[in-house]
Amino acid sequence: AEELPEFPIDITDMLTGKLYYPSDSLLPSAEHLSYLKIKADFAFSTVGEGKNYYQTTYQNFDGTANHGVKGEFKIIASEYFGEDSIPLPVNFPEGTFGDYLKSDFLIPADDSLIQLKARELTASSTYLWDAIKFLTEFVKDSIEYTITGGNALDALLTGKGDCGPKALLISALSRSLGIPTRIIGGLLYYNGSFVQHNWVELYVGDNSGWHPVDPTLGETEFFNAGH
C-alpha cells in the first residue's frame with residue numbers, strides 16, 4: 001500500500017467499467033456509520049494528474065494496490081468540531097499550499113462571482129471552521145443534485161450539479177478565501193452498493209491538518225465511515 005504523503009496532490013479515481021459495486025451485506029444507513037471494515041477486489045484507472053492513496057487519517061488499507069485494489073479497508077468516521085479553529089482571514093503559505101489554492105478551469109477561485117458569493121456566505125464568520133460549515137450548507141441546500149458534469153462556476157450559475165461539481169464548487173469558494181482544498185474521488189456506501197463519489201478535504205490549520213467534508217451529504221463535523 002502507498003503511504004499518504006504529507007501533502008498529496010488532488011486525485012480523481014474512475015473505477016473501470018462500473019459506476020457502483022454491490023455490497024454482499026446490507027449495512028445501516030450510511031450517515032450513522034462510525035466504523036466499516038470491508039474486503040475489496042476491483043480494478044481502477046486514474047485520470048489526469050491524480051495520485052492514488054489508501055492510508056489517511058480516517059482510513060487504513062492492508063493489501064496490494066497497483067492497477068487494482070485487493071485487500072482490506074478499515075474506515076472510521078472522522079469527527080471535528082472546530083475546537084482549534086483559526087481566525088479569519090487566513091494566510092497559508094503559497095510555497096506549501098500553492099497546488100491547493102490555485103485557480104483553474106474546474107476550480108475558478110479567482111472568478112469574481114465565486115469570490116462575491118464566498119464573501120457573502122461567510123460575512124458573519126469569525127473563524128475558518130464557521131466559514132467551512134456555511135459553505136457546505138450552501139452547496140448542499142442550494143445546488144440541486146442532478147447529473148451534470150461541468151465546473152464549479154457552472155454549478156453556481158445553474159444551481160445544479162452532481163457530487164463532482166458540488167465538490168468543485170466548495171473548493172472554489174474555499175480557495176477564494178485562502179482555504180486550501182483538495183478533491184477526493186472514491187466510493188460511498190449508498191442503498192446497498194458502493195457508488196462513485198467525490199468529496200473534499202480542507203486544511204483547517206496546523207494542529208488538525210486536513211479534514212474531510214462532503215458537500216453533497218452536508219457532512220462537516222461528522223464524516224461517516226461509508227466513504
Side-chain angles (χ1 to χ4, degrees), residues 7-14 46-51 53 56 58 78 80 85-86 88-94 96-122 125 128-146 148-186 188 196-205 208-220 223 227:
F7 298 107
I9 61 175
D10 294 349
I11 64 168
T12 302
D13 291 342
M14 301 299 292
T46 301
V47 297
E49 297 180 354
K51 184 179 182 66
Y53 63 87
T56 72
Y58 50 94
S78 179
Y80 178 69
S85 185
I86 59 179
L88 294 174
V90 294
N91 186 26
F92 293 108
E94 187 74 22
T96 301
F97 295 98
D99 286 342
Y100 312 113
L101 292 168
K102 68 181 180 182
S103 179
D104 56 30
F105 173 75
L106 290 175
I107 307 175
D110 61 1
D111 182 88
S112 60
L113 291 178
I114 293 286
Q115 293 178 340
L116 180 64
K117 177 57 70 173
R119 291 195 299 269
E120 172 191 320
L121 292 170
T122 61
S125 300
L128 179 150
W129 186 238
D130 297 326
I132 290 173
K133 290 195 293 182
F134 281 130
L135 297 178
T136 304
E137 181 180 15
F138 167 75
V139 174
K140 176 185 180 293
D141 294 341
S142 299
I143 307 302
E144 177 186 352
Y145 186 88
T146 306
T148 60
N151 67 1
L153 189 57
D154 293 330
L156 180 62
L157 292 175
T158 64
K160 296 180 180 181
D162 52 67
C163 62
K166 281 175 176 271
L168 294 172
L169 178 55
I170 194 171
S171 288
L173 293 168
S174 299
R175 289 185 184 188
S176 77
L177 298 171
I179 303 171
T181 73
R182 59 191 185 204
I183 305 291
I184 305 298
L188 172 70
Q196 288 193 41
H197 192 56
N198 289 109
W199 60 92
V200 177
E201 291 183 354
L202 302 99
Y203 195 78
V204 297
S208 294
W210 294 94
H211 180 73
V213 164
D214 191 326
T216 301
L217 301 181
E219 293 185 349
T220 52
F223 184 82
H227 293 80

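All residue numbers in this chain count up from 1 along the given sequence. Values below: every heavy atom of this structure, side chains too, minus hydrogens, waters and symmetry copies.
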I'd like to check the side-chain hydrogen bond (donor to acceptor under 3.5 Å, both in side chains) partners of [X]; sequence neighbours left out, ordered by chain and number.
| X | value |
| --- | --- |
| S103 | D110 |
| T146 | none |
| S174 | none |

L217: what forms a side-chain contact (heavy atoms from CB on, under 4.5 Å) with it, not counting sequence neighbours?
-> L188, D214, E219, N224, H227
side-chain contact (heavy atoms from CB on, under 4.5 Å) with L88: which residues, sequence neighbours excluded?
-> V90, S125, L128, A131
Would you please classify the geometry between the Y80 ring and the H211 ring as parallel, tilted or perpendicular, with 30° and 60° separating the classes?
-> tilted
Applying side chain to side chain contact (heavy atoms under 4.5 Å, CB included), run through Y145 and D162 and close with a yes or a no.
-> CA-CA 5 Å; Y145 186 88; D162 52 67; 3.9 Å; yes
Grab the two heavy atoms, one from [X] and one from [Y], that are nearest each other, plus how far apart they are.
| X | Y | value |
| --- | --- | --- |
| G161 | K166 | O-CE, 3.6 Å |
| L101 | P180 | CD2-N, 3.6 Å |
| I107 | D104 | N-OD1, 2.7 Å |

V213 vs L135, side chain to side chain contact (heavy atoms under 4.5 Å, CB included): CA-CA, chis, key distance, verdict = CA-CA 10 Å; V213 164; L135 297 178; over 6 Å; no
Answer yes or no: is there a donor N or O on one side and an acceptor on the other, between the side chain of K133 and the main chain of T220, under 3.5 Å?
-> no
Is there a donor-acceptor contact under 3.5 Å from the side chain of R175 to the main chain of K102?
-> yes
Distance-only check: which donor-acceptor pairs under 3.5 Å involve side-chain atoms of residues 150-159, not counting sequence neighbours?
from	atom 1	to	atom 2	distance (Å)
N151	OD1	L153	N	3.2
N151	OD1	D154	N	2.9
N151	ND2	F105	O	2.8
D154	OD2	N151	N	3.1
T158	OG1	D154	O	2.7
T158	OG1	K160	N	3.2
T158	OG1	K160	O	3.4

Go through W210 and T56 one step at a time and tell me if the side chain to side chain contact (heavy atoms under 4.5 Å, CB included) criterion holds.
-> CA-CA 10 Å; W210 294 94; T56 72; over 6 Å; no
Rounded to the nearest 0.5 Å, what's the gap from [atom1] on [X] to [atom2] on [Y]? Could you check?
| X | Y | atom1 | atom2 | answer |
| --- | --- | --- | --- | --- |
| L169 | I143 | CG | CD1 | 5.5 Å |
| S176 | L116 | OG | CG | 10.0 Å |
| L173 | R119 | CG | CZ | 11.5 Å |

Sequence neighbours excluded, the answer for salt bridge (charged side-chain N to carboxylate O under 4.0 Å, His left out) partners of K140 is none
In chain order, what residues pass the ring pair (Phe, Tyr, Trp, His ring centres under 6.0 Å) check against F134, with sequence neighbours excluded?
-> none
Not counting sequence neighbours, which residues clear ring pair (Phe, Tyr, Trp, His ring centres under 6.0 Å) with F138? List them please.
-> none
The single option from T216, L168, I170, L121 that satisfies side-chain contact (heavy atoms from CB on, under 4.5 Å) with V139 is I170
Any V200 side-chain heavy atom under 4.5 Å of I183 side chain = yes
Is any side-chain heavy atom of F92 closer than 4.5 Å to a side-chain heavy atom of I86?
-> yes
How about Y203 and Y100: are their ring centroids closer than 6.0 Å?
-> no
Atom CG of D141 with >12 non-hydrogen neighbours under 6.0 angstrom | yes
